[in-house]
Student: 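Before anything else, here's the structure in question.
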Amino acid sequence: MANVRLLIVYYSTYGTNHAMAETAAEAARAAGAEVRVVKCRETAPEGVVNGQDAWRAQAERTASVPEATPEDMEWANAYLFSAPTRYGVMASQMRAFIDQLGPLWAQGKLANKAASAMTSAQNAHGGQETTLWSMYVTFMHFGCILVPPGYTDPVIYASGGNPYGTTFSAAGAGLDDATKASIAFQARRLVEFAGKIATA
Ligand SMILES: Cc1cc2nc3c(=O)[nH]c(=O)nc-3n(C[C@H](O)[C@H](O)[C@H](O)COP(=O)(O)O)c2cc1C
């Protein structure tokens, strides 16, 4: 889709949301979008990150991924955010990035962009839907146009039936095929609708 500049912003402690972001990026590029994948800056103290092997390994694996900046948000005309569920809402690293965007928000530079969200949690009923809502509420403050998947494709049912966005119950295993299909569908749908509202 011409004219779609999709910014995929993720935070990931252990790799799940990073894998979700990369899956979405591949589908969005195949749909014709220009895509940037960026990570939220780590805010946990270095000692805490290094104190967990899996956390440190993920930080090392993604050391070369650029950190999200306000300029990325201005560049894009579509947003896909992916962050782990933390006590039922998005991880605070994602929130810390969002909280830098006040000046852009005040200038209306986050408005009128298509936006969608994904998450993972340990438990199917551990707050996945409320986490998506925590991101969508922020998108509404931006003035974004929400593009949830709804029940517009059979892949949504196959991946757990969440109409708000793709969610994955992360129990140590990688993404399954049904989740990957759901992510790809959500990304293509976002690109499609971003293309419809893009002016330049
Ligand atoms: C501080 C903390 C809070 C969490 N809160 C929840 C929760 O409320 N519900 C849940 O099901 N999982 C919870 N989890 C599990 C994470 O959601 C899970 O580790 C995450 O989805 C993995 O994503 P990642 O691999 O991208 O880091 C929590 C994990 C941490 C470290």
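All ligand and atom numbering here is 1-based and tracks the order in the structure. Values below: all heavy atoms of this structure, side chains included; hydrogens, waters and symmetry mates excluded.
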Student: At a heavy-atom distance under 4.0 Å, which protein residues reach ligand 1? Sort them by chain and number, would you?
Tutor: S12, T13, Y14, G15, T16, N17, P84, T85, R86, Y87, G88, S120, A121, Q122, N123, G126

Student: Relative to each other, are the rings of H18 and Y10 parallel, tilted or perpendicular (30° and 60° limits)?
Tutor: parallel

Student: Under 4.0 Å between a side-chain nitrogen and a carboxylate oxygen: does that hold for R36 and E71?
Tutor: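 A salt bridge is present here (some side-chain N lies under 4.0 Å from a carboxylate O).
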
Student: With sequence neighbours left out, what residues match R41 under side-chain contact (heavy atoms from CB on, under 4.5 Å)?
Tutor: E67

Student: Could you pull out all residues at least two apart from E46 that satisfy side-chain hydrogen bond (donor to acceptor under 3.5 Å, both in side chains)?
Tutor: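 Result, side-chain hydrogen bond (donor to acceptor under 3.5 Å, both in side chains) vs E46: none returned.
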
Student: Can you name the salt bridge (Lys or Arg N to Asp or Glu O under 4.0 Å) partners of R56, sequence neighbours left out?
Tutor: D53, E60

Student: Charged N to carboxylate O below 4.0 Å: is that the case for K196 and E192?
Tutor: yes

